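Take a look at the structure below.
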Amino acid sequence: MAKIKNHIELQFLSEPSDVNYGGKVHGGMMMKWIDQAAFACALQWSQTYCVTVYVGGIRFFHPVHIGHLVKMEARIIYTGKTSMHIAVDAFSKPVGQADFVKNTHCIIVFVAVDDNGQPKVIPSFTPKTEKEIAMHGYAIKLMELRKSIDKEMEPYIV
């Protein structure tokens, strides 16, 4: 059996239809691309359909300009029994330049589901490199923080 990759990279050009009133790529478009890259990563890892259950900590560092090459990097950083925590980083650069600039960072959690929409067991991710171990720890810290955030939000989400 071939080893399942824990990461994926997508590259494409931003288009004029992605523009906001300020002449840059719309934040909602960035979120769409982040979700698509994370979904592709989750699908590749789980080998089954997945649903988004959490998006958090999205940060926009720099705008993406129309006509720039966009690179979305998504990687599994933690798995539960049925869930996958995926870190997504977005980068961009003018066509013809060598270096990408980091634009956005986000964590997305997906759950693998079967044909009936029920959670489905997935392969476990074991971090190996120093960076993977650090990101795994980051995911665990974020899970703890989400517990307190969930408690704060509880009165407002009913």
Side-chain angles (χ1 to χ4, degrees), residues 1-19 24-115 117-143 145-146:
M1 182 173 145
K3 181 181 176 190
I4 301 171
K5 290 185 179 182
N6 69 322
H7 63 280
I8 196 164
E9 181 179 300
L10 307 174
Q11 290 191 22
F12 49 89
L13 290 173
S14 60
E15 299 178 0
S17 61
D18 303 327
V19 72
K24 312 290 189 301
V25 170
H26 192 282
M29 185 58 67
M30 292 295 295
M31 290 189 283
K32 176 184 175 184
W33 294 338
I34 287 167
D35 190 53
Q36 289 172 334
F39 175 75
C41 184
L43 184 64
Q44 176 177 269
W45 183 262
S46 67
Q47 299 293 298
T48 191
Y49 187 72
C50 303
V51 295
T52 309
V53 296
Y54 178 84
V55 178
I58 190 164
R59 297 292 184 264
F60 297 98
F61 305 119
H62 300 284
V64 175
H65 297 271
I66 300 305
H68 281 200
L69 182 62
V70 177
K71 176 171 67 169
M72 306 299 290
E73 292 181 356
R75 67 183 51 254
I76 302 285
I77 59 172
Y78 179 89
T79 55
K81 185 177 175 184
T82 63
S83 65
M84 296 153 278
H85 293 65
I86 300 171
V88 182
D89 292 308
F91 303 86
S92 70
K93 68 176 186 169
V95 174
Q97 286 192 5
D99 297 326
F100 281 92
V101 171
K102 188 173 187 175
N103 303 97
T104 309
H105 171 79
C106 184
I107 299 296
I108 301 185
V109 180
F110 280 84
V111 169
V113 294
D114 64 18
D115 291 339
Q118 296 303 305
K120 184 176 178 180
V121 176
I122 59 165
S124 178
F125 170 68
T126 304
K128 293 177 179 64
T129 68
E130 192 172 308
K131 182 175 181 176
E132 287 176 345
I133 292 167
M135 292 300 287
H136 191 262
Y138 170 56
I140 292 169
K141 287 178 187 176
L142 290 176
M143 283 189 292
L145 289 170
R146 280 197 303 273

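Owing to the predicted nature of the structure, the values given are computational and were not obtained by experimental measurement. In what follows, residues are counted from 1 in the order of the sequence shown.
The backbone N or O of K5 lies less than 3.5 Å from a partner atom in the side chain of Q44, making a donor-acceptor pair. Side chain of E132 to backbone of T129: a donor-acceptor contact under 3.5 angstrom is found. With hydrogens and angles ignored, the 3.5 Å screen pairs a side-chain donor or acceptor of D18 with a backbone N or O of E15. W45 places no side-chain N or O within 3.5 Å of a backbone atom of M84 that could act as its donor or acceptor partner. Side-chain atoms of N6 do not come within 3.5 Å of backbone N or O of R75 as any donor-acceptor pair.
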Report the C-alpha separation of K120 and V113 in whole Å, then their side-chain angles, then the decisive distance to 0.1 Å, and conclude whether the side chain to side chain contact (heavy atoms under 4.5 Å, CB included) test is met. CA-CA 5 Å; K120 184 176 178 180; V113 294; 5.6 Å; no
The test is side chain to side chain contact (heavy atoms under 4.5 Å, CB included); show your working for I58 and T104 and say whether it passes. CA-CA 7 Å; I58 190 164; T104 309; 3.8 Å; yes
Step-by-step side chain to side chain contact (heavy atoms under 4.5 Å, CB included) determination, K81 to V121: CA-CA 5 Å; K81 185 177 175 184; V121 176; 3.7 Å; yes
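Here the closest heavy-atom approach between residue H7 and residue C41 is recorded as CA-SG, 4.1 Å. Taking every heavy atom of both residues into account, P123 and S46 meet most closely at CD-CA, 4.4 Å. The nearest pair of heavy atoms linking S92 to N103 is N-OD1, 2.8 Å.
Under the 4.5 Å side-chain criterion, counting only non-hydrogen atoms from C-beta, T82 is not in contact with I122. I108 is not listed as a side-chain neighbour of Y54, based on a closest heavy-atom distance of 4.5 Å or more. Using a 4.5 Å cut-off on side-chain heavy atoms (C-beta onward), S83 and H85 make contact. Counting heavy atoms from C-beta on, the side chains of I107 and L142 come closer than 4.5 Å. Looking at heavy atoms from C-beta onward, Q11 lies in side-chain contact with F100 at the 4.5 angstrom threshold. In this structure the side chain of M72 reaches within 4.5 angstrom of the side chain of V88, judged on heavy atoms. Taking 4.5 Å as the limit, every side-chain heavy atom of V101 sits out of range of all side-chain heavy atoms of F91. For the pair C106 and V55, the minimum side-chain heavy-atom distance is below 4.5 Å.
Judged purely by distance below 3.5 Å, without hydrogens or angles, the side chains of T48 and D114 never pair a donor atom with an acceptor atom.
Other residues, nucleotides and ligands place no more than 12 heavy atoms under 6.0 Å from the NE2 atom of H26.
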Run the side-chain donor-acceptor check on residues 60-70: report pairs under 3.5 Å with partners two or more places apart or on a different chain.
none

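Applying the side-chain hydrogen bond (donor to acceptor under 3.5 Å, both in side chains) rule to K102 yields the partners D89; only residues at least two apart in sequence or on another chain are considered.
Of the charged side-chain nitrogens involved, at least one lies within less than 4.0 Å of a carboxylate oxygen, so that K71 and E73 count as a salt-bridged pair.
Interatomic distance, I140 CD1 to L145 CG, rounded to the nearest 0.5 Å: 12.5 Å. Expressed to the nearest 0.5 Å, how far NE2 of H105 lies from CD1 of I34 amounts to 9.5 Å.
Relative orientation of the F110 and F39 rings is tilted, given thresholds of 30° and 60° on the angle between their planes.
Taking the six-membered ring for Trp and the full ring otherwise, the centers of F12 and W33 sit less than 6.0 Å from each other.
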